[in-house]
There are 2 protein chains.
Amino acid sequence: MKISHRSLYLQARDEILKLIKEQFEPMQKIPPEQKLSNQLGVSRNTIREAIKTLEQEGVLFSRQGVGTFVIASKKNLETTITTLESSTNIIKSHGYQPGTKNVKSDVIQASAKVKSKLTLEENDNHVFYIERVRTADGEPVVYVEDYILYKGGMENEYREKYYESLLEFLEKYDMKVSFSICTIKAVISNEKIESKLDLKEKQALLLLKQIHYSNTGIPVLYSESYYLSDKLEFNVVRKRG
Amino acid sequence: MKISHRSLYLQARDEILKLIKEQFEPMQKIPPEQKLSNQLGVSRNTIREAIKTLEQEGVLFSRQGVGTFVIASKKNLETTITTLESSTNIIKSHGYQPGTKNVKSDVIQASAKVKSKLTLEENDNHVFYIERVRTADGEPVVYVEDYILYKGGMENEYREKYYESLLEFLEKYDMKVSFSICTIKAVISNEKIESKLDLKEKQALLLLKQIHYSNTGIPVLYSESYYLSDKLEFNVVRKRG
DNA sequence: ACCAATTTGTGCGTATGTATG
DNA sequence: TCATACATACGCACAAATTGG
C-alpha cells in the first residue's frame, strides 16, 4: 500500500515533460494523445489532463485537428515565475551555486501591514522575522525579508538546524506552502539595500511581494524579495483570455 | 447555426467567474460541483473542466473531500500577468482612461537580435516598427517598442486607420496572437526613456520583453515594454511544482 | 470541390479513492 | 463507523478542425 500517491495524471505530466526535455525542441510536434496513452499505459483522458496541465504551465500548446506542440525551451521551463520555487532552487536552475549571507532572525511585533497580509487576530502580534541575502557563486543576487506565522519555539529550531530552504522549514510546522499570490514591481535601490547587496551605485531591482498560503488556504508567510534581475531571469507564458 | 461556438465548459467557466465576482470573497467556499451542475444545467464533468480551468488560472483551488475555494480577488483577477492583454486593457482595468502619445512607425531593417526573435529568413530583413507612449488619464505610464513581421502595405493601413490595440490590428493580417513568452526584468531609466515618459529623475522600470506567437505557433511580434510599476500593477499566482 | 484520415475537443456515464466530520 | 462531497480514472461516442490526396 502506498502512503502517498502522486496522482496518475501528474505522473503522466512528469513523463511527458521528461520526453520533451530529452527529445523535443520548441515548436516541434509531440506524439498524438492516443499514442501517448498506449505508450504510458494510461487512458487518453489522463493524458489529456496531463497535457492540459503542461499547457497551463506554458510548456505545450494544442491545435485541434493538428497536434500538440512544444512552446518552451528547457531554459524557459526552469525559470517560469508561475512555478513557486525557493530562491535556492531558482539560483541552482540558473547554474549557480546558492549560498546565504547576513542571516538575521527574530520574533518581532508585526506591523499593521504585515498583520493584514497574514490576517492575524487583533491580539496576536507575533511573527517570526528572517532577513537574508542569497548569493549565486558567492555574489549577492537577492535580498529577502520573511514574516512567518509564529509557532512556539520555531526560532530555536531554525537557528539550530539552519534551513537553506524556508519552504522546507515551514513543512515541519504543518505549514506546507502550496501557492503564493505575488505582486511584481520594479524599484530603485535605497541605501539599506545597496549595503545588503554590495551595490556600488543605484540599481533597479525586481521586487516580488508574496503572500504564501498553506494547502488549507491559510496565509503562513509574507515575503518581500529584491532581485538583481540581470543575474536571475523570470519568464512567463501569457495567454489571451 | 452558430458560426463560432464558445465551448460549453468555457461558458460554464465564465458563469462561475461571474458568480465569484458577484458573490464570493477570497478564501470563501463556492458551492459543490453537483449543485453547480444542477444550477447551470450542465454535466458535473463540464463543471469540473470549468473549475480546473479556473484553478489553472489561479482563481480557485480545490481540496479533495473539502471543497473548492476562491483564491484571487477581483482586483487580482484583472491584473494577472498570465493573461495577455493589450496595454489599452491593462490601463482600463486599473481604472484609468487610456491614451497614446508620440507614435512613430516605420518599415525598417531588422537588427540581428530582432531577426532571431522573429526567426526571420536570411534574406528577409523587413519589420514594421512602432514606438508609442501609452498614457493613463493623460500621464505617461508605459513606453513600448514593437517589431512586427512585415506584410506589404501594413504601414499605410496602420497610419490610416489608427489602431489603439496592436493585437486587434494584427488580426487583419492573419496574425492573431494567441500567446506570448515574456521575460521580466527591472531596469533603470536612461535619458531616452526619461524623455519619452516625462521623468524628472532616474526611475526603476518594469521591462517586459515579449515574443508573441500566432495560433499556428509562428512568432509575429516582438516587443519591449517599459512600465512605471508604481502606477500599473502585475500579479501572478505561483504554485508549487 | 470534395472526401478520407488523423488528431484534438466535447460530453456523458460510471466506478473507485480519499478527506472530513 | 458511516455518510457526504470532492478527486481520480477509465471507456466510449461523436463533433470539429486540419491536412493531404
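Naming: A, B, ... by sequence-line order, numbering from 1 per chain.
When only modelled atom types and interatomic distance are considered, Thr100(A) and Arg134(A) share a side-chain donor-acceptor pair under 3.5 Å. With no hydrogens or angles considered, a side-chain donor-acceptor pair links Tyr163(B) and Glu157(B) at under 3.5 Å.
In this structure, Lys117(B) has no salt bridge (Lys or Arg N to Asp or Glu O under 4.0 Å) partners at least two apart in sequence or on a different chain. When the side-chain contact (heavy atoms from CB on, under 4.5 Å) test is applied to Asn38(A), the partners found at least two apart in sequence or on another chain are Gln34(A).
Dashed line: the shortest gap from a side-chain N or O of Thr68(A) to OP1 or OP2 of dT7(C) is not under 4.0 Å. An OP1 or OP2 oxygen of dC12(D) is reached within less than 4.0 angstrom by no side-chain nitrogen or oxygen of Arg44(A). In terms of phosphate contacts, Ser7(A) brings no side-chain nitrogen or oxygen within less than 4.0 Å of OP1 or OP2 of dA7(D).
In this structure, Glu33(A) places its CD atom 15 Å from C1' of dC12(D), rounding to the nearest Å. At whole-Å resolution of the value, CG in Leu36(A) and C1' in dT6(C) are 15 Å apart. Rounded to an integer number of Å, the gap from NZ of Lys35(A) to C1' of dT8(C) is 16 Å. Residue Phe61(A) contributes atom CZ, which lies 13 Å from atom P of dT18(D) at whole-angstrom precision. Straight-line distance from the CD atom of Glu49(A) to the P atom of dT8(C): 16 Å, rounded to whole Å. Atom CD of Gln64(A) and atom P of dA17(D) are 6 Å apart (whole Å). Protein atom CG of Leu60(B) is 15 Å distant from nucleotide atom C1' of dA7(D), rounded to whole Å. Taking atom CD of Gln34(A) as the reference point, atom P of dT8(C) lies 10 Å away to the nearest angstrom.
Both Gly41(A) and Ile51(B) lie near DNA chain D, and the one whose nearest nucleotide falls closer to the 5' end is Ile51(B). Of the two residues near DNA chain C, Asn45(A) and Pro32(A), the one whose nearest nucleotide lies more 5' is Pro32(A). The 5' end of DNA chain D is approached more closely, in terms of each residue's nearest nucleotide, by Pro31(B) than by the other of Pro31(B) and Tyr9(A).
Candidate nucleotides dT18(D), dC10(D), dT7(C) were compared by shortest atom distance to the side chain of Arg63(A), and dT18(D) ranks first.
For a distance-only test at 3.5 Å, the side chain of Arg48(B) fails to qualify as a donor-acceptor partner of the base of dG11(C).
In this structure, Tyr227(A) has its ring center under 6.0 Å from that of Phe234(A).
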